[in-house]
Amino acid sequence: MKKWRGLLLSIFLCLAFGAGVWWFIGGVREELWQSSIRTISESSHQGANALNTQLEKDFETLQRIWDNIEYVEKNLTVYEKMEPDVELYLPGKAGTEAGYGQDDKVAGFLSGQTGSRGIINSHISSVTGENVFNIYVRGFLEEGDLAYLVKEYRAKEIADQFTITFYDNNGFSYLVNRDGEIMVRSGHRNSNKTVSNLMDIIDTRENDAKAIEEFRRSIGSAHTGWARFNYGGKGMVLCFEPLEADSNWLLVSIIPEPLVREQAMQILKKTLLFSGTAVGLILLIVVLFYGAKMRENEVHTRELQEALNAADMANRAKGRFLMNMSHDIRTPLNAILGMTTVARKNAENQGKVQDSLKKIETSGMELLTLVSDVMDMTEIEQGQMILKEEKVRLSALLKELVDMMRGKAKEASLTLECEPVLLENDFVIGDAMRIRQILLNIIGNAVKYTPAGGRVYLSLKQAERTEKDRGDYTFCCADTGIGMEPDFLKRVFLPFERARNTTASKIAGTGVGLAVTKYLLDLMGGEISVESMPGMGSTFTVNFHFKLCQEAPAEVKVAEADKPQTEEKPQKDPKSEHVLLVDDNELNMEIMEELLGLAEIYPDKAFDGSEAVKAVQESPDGYYDLIFMDIQMPVMDGCEATRQIRSMEREDAKKIPIYAVSANAFAEDVKNAMDSGMNGHIAKPVDWESIDKVLNQYLR
């Protein structure tokens with residue numbers, strides 16, 4: 001009887017174990033699938049952002065040209081050199097004074113347009129016969145004639161900018177309109193060269209009609225999302241992301257489903273192999289030693305937990321990087337767009353305009369550095385970075401950087417000194433932009449991480465020549481900053497490594513600047529080293545090896561613009577509404593104050609969550625009509641502050657409208673804000689329309 005009981009127990013345990021393994025495999029497989037979809041969607045989002053950025057930049061370029069339109073007809077050949085694909089269209093005229101040929105389809109499209117700017121769908125150019133699309137700005141010449149500035153993009157060239165490669169270059173992308181018509185297709189080997197509409201590759205005989213209709217509605221509404229369909233008997237995953245730059249287009253990435261699942265299965269197999277090995281060892285120990293060797297079982301269990309913790313730490317590191325990137329990019333974007341609104345609304349007040357422009361420029365440079373570092377890292381990983389060979393004057397380049405950084409050093413209460421540059425051979429052959437990037441990364445870090453009252457010292461020297469046509473140069477940057485720990489010095493040139501978290505240190509950055517610097521020096525055949533001690537500062541030494549240039553290039557002098565006159569903005573009497581503004585960033589606080597000032601609302605201010613809670617506690621019941629709350633703040637974050645306000649025992653605590661105004665803009669952040677008791681979420685960069693909508697809803 002005991003024998004049968006033991007057999008039945010063994011069978012039951014085996015079945016239970018098998019069921020547990022099956023459940024585990026299913027859960028891990030589904031989680032890996034969802035993780036792959038999120039990765040593809042994020043890559044598609046980055047591709048769409050890259051194209052949006054390019055289009056917006058070109059719109060700004062056209063607008064700058066238009067702002068000087070009185071010179072365009074007389075000096076069109078100059079603009080041709082600056083922007084070879086930009087043309088001036090004059091309705092009713094065959095061409096411009098410069099004799100450019102013009103695309104009949106573009107001219108026909110423009111004849112019915114009334115908007116100030118827009119995008120013209122892709123078509124075959126009547127001039128070049130190439131597949132192109134265009135952007136334009138509209139206005140009137142000094143004589144009153146209607147005119148358009150039009151920039152042309154060749155579909156083949158623009159495709160390289162948005163195409164994101166997935167899974168060993170087996171994935172590819174299309175640009176489509178809301179009807180699914182393909183506007184621009186990549187030159188990828190898997191890209192269908194004949195189909196004209198995305199919906200044509202989704203056969204109703206292979207796919208569910210409801211799923212197709214849902215996909216069609218999502219594309220038509222320009223939503224973000226993903227779908228799975230069969231094509232030619234094989235599954236495919238489609239991730240779609242709308243563009244924003246005055247278009248009705250979407251970026252659609254297509255990846256063969258078997259490749260996605262194969263990658264997930266490889267990870268699953270490794271996980272199962274590891275887990276199976278660990279479980280097998282545990283079972284073997286239990287069978288052989290039963291109770292006497294339980295301690296060994298605990299050791300193996302602890303090792304398994306450590307391995308799982310290591311995997312979890314790697315996943316969290318990726319999450320921290322994405323969170324820092326989102327926060328560090330949205331914060332300067334908020335400053336740029338917000339201060340632009342301030343300048344536009346105070347156009348007559350030159351002092352306010354100039355102050356806004358200065359802050360826009362500062363934030364723009366921060367954003368440019370962040371984006372450039374990440375894009376450089378992507379280019380490096382793909383092995384696509386190529387150095388230019390041009391004439392460079394090293395002393396002038398260093399002087400330019402010192403002049404540029406001296407203002408920042410002064411703002412940070414630092415002393416920036418540069419030893420006189422005395423070079424036997426001042427002119428060399430190299431990539432000026434990349435040399436400037438290397439030096440600026442090092443000097444910028446020294447200024448950024450040196451506390452007030454500190455000192456940054458620079459020098460550039462040339463070694464004695466060992467070769468007739470080449471020279472060795474040594475650049476040194478020494479600071480009295482915070483220094484680095486010995487362990488971090490081993491990782492300082494690795495990508496995405498930072499000594500401190502962005503939020504904790506309030507120092508923005510992606511952690512790729514020094515990695516890019518190291519790679520660029522490797523390409524140039526140079527070297528970089530660092531010596532540092534915590535609290536004692538750091539010294540970076542860079543060795544360049546340049547080909548010498550005997551001929552000095554011509555220098556161009558740029559005239560300084562006249563300084564605008566400053567006018568003081570007249571003060572307005574505040575209205576009766578009481579608004580509380582909560583944000584730890586002074587510039588963001590200023591932007592929100594200016595935006596609210598447009599509605600003659602002058603808010604109370606709190607610089608972290610605890611101050612906001614205190615302000616509500618000490619105010620009379622019903623005093624505050626509206627609260628704008630940042631989320632990511634020191635001392636107490638916005639979600640916790642909202643929960644404490646909602647839990648107060650006072651009549652207005654649960655009624656005060658609280659809106660999140662934050663650079664934390666992932667879907668999870670919005671959900672957390674709503675779960676904490678907030679009424680809505682406004683993502684930075686903030687625009688006036690979003691604020692005005694909330695004011696109209698609660699105060700008007």
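From a predicted model like this one, the values you see are computed outputs, not experimental measurements. Note: hydrogens, waters and symmetry copies are ignored here, and every other heavy atom, side chains too, is used.
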Counting C-beta onward and ignoring hydrogens, is there a side-chain heavy-atom pair between [X] and [Y] closer than 4.5 Å?
X      : Y      : answer
Ile691 : Phe628 : yes
Met183 : Val176 : no
Asp630 : Val582 : no
Arg436 : Glu400 : yes
Thr340 : Ile360 : yes
Val353 : Asn349 : no
Ser253 : Leu238 : no
Ile631 : His681 : yes

Worked verdict on Ile182 versus Asn197 for side chain to side chain contact (heavy atoms under 4.5 Å, CB included): CA-CA 5 Å; Ile182 297 176; Asn197 192 296; 5.9 Å; no

Test side chain to side chain contact (heavy atoms under 4.5 Å, CB included) applied to Leu439 and Leu397, step by step: CA-CA 10 Å; Leu439 300 183; Leu397 189 150; 3.8 Å; yes

Pi-cation contact, Phe59 with Arg117 (under 6.0 Å, within 45°):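 The answer is yes, since Arg117 meets both limits relative to Phe59.
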
Ring-face cation of Lys105 near Phe109 (centre distance under 6.0 Å, axis angle within 45°):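 That pair does not qualify as a cation-pi contact.
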
Interatomic distance, [X] atom [atom1] to [Y] atom [atom2] [nearest 0.5 angstrom]:
X      : Y      : atom1 : atom2 : value
Gln350 : Glu348 : CD    : CD    : 8.0 Å
Asp431 : Glu390 : CG    : CD    : 5.5 Å
Glu577 : Ile601 : CD    : CD1   : 5.0 Å
Ile219 : Asn177 : CD1   : CG    : 9.5 Å
Ile443 : Leu398 : CD1   : CG    : 6.0 Å
Thr517 : Ile438 : OG1   : CD1   : 6.0 Å

So, are [X] and [Y] salt-bridged, with charged N and O less than 4.0 Å apart?
X      : Y      : answer
Glu594 : Lys345 : no
Lys151 : Glu87  : no
Asp355 : Lys358 : no
Asp179 : Arg216 : no

For [Y], does its backbone N or O pair with a side-chain atom of [X] as donor and acceptor, under 3.5 Å?
X      : Y      : answer
Ser111 : Gly108 : yes
Asp692 : Trp688 : no
Thr224 : Glu241 : no
Ser690 : Val686 : no
Ser221 : His223 : no

Geometric class of the Trp249/Phe133 ring pair [parallel <30°, tilted 30-60°, perpendicular >60°]: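 Ring orientation of Phe133 relative to Trp249: perpendicular.
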
Gln63/Glu60 under side chain to side chain contact (heavy atoms under 4.5 Å, CB included): CA gap, chis, key distance, verdict: CA-CA 5 Å; Gln63 191 59 53; Glu60 292 174 5; 5.5 Å; no

Side chain to side chain contact (heavy atoms under 4.5 Å, CB included) between Val86 and Val150, intermediate numbers included: CA-CA 5 Å; Val86 175; Val150 180; over 6 Å; no

Of Leu62, Val106, Leu110, Leu149, the residue whose pairing with Tyr136 passes side chain to side chain contact (heavy atoms under 4.5 Å, CB included):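 The passing option is Leu110.
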
Among Val184, Asp85, Leu55, Val132, side chain to side chain contact (heavy atoms under 4.5 Å, CB included) partner for Tyr153: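 Of the listed options, the one satisfying the test is Leu55.
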
Derivation of the side chain to side chain donor-acceptor pair (under 3.5 Å) call for His123 and Asp103: CA-CA 10 Å; His123 59 279; Asp103 189 339; 2.8 Å; yes

So which atom in [X] and which in [Y] form the shortest heavy-atom distance, rounded to 0.1 Å?
X      : Y      : answer
Leu90  : Ala147 : CD2-CB, 3.6 Å
Leu598 : Thr341 : CD1-CG2, 4.4 Å
Met629 : Gly638 : CG-CA, 3.7 Å
Cys239 : Ser44  : CB-OG, 3.9 Å
Ala48  : Leu251 : N-CD2, 3.4 Å
Ile591 : Gly338 : CG2-CA, 3.4 Å

Partners meeting side-chain contact (heavy atoms from CB on, under 4.5 Å) with [X] (sequence neighbours left out):
X      : answer
Ser116 : none
Glu593 : Leu581, Met589, Pro603, Lys605
Asn585 : Thr331, Asp583, Leu587, Asn588

Step-by-step side chain to side chain donor-acceptor pair (under 3.5 Å) determination, Glu56 to Asn52: CA-CA 6 Å; Glu56 285 296 338; Asn52 276 329; over 6 Å; no

Working for side chain to side chain donor-acceptor pair (under 3.5 Å), residues Thr61 and Asp58: CA-CA 5 Å; Thr61 299; Asp58 290 343; 4.7 Å; no

CA sep, side-chain torsions, deciding dist, call: Asn441, Gln437, side chain to side chain donor-acceptor pair (under 3.5 Å): CA-CA 6 Å; Asn441 274 342; Gln437 183 177 358; 5.5 Å; no

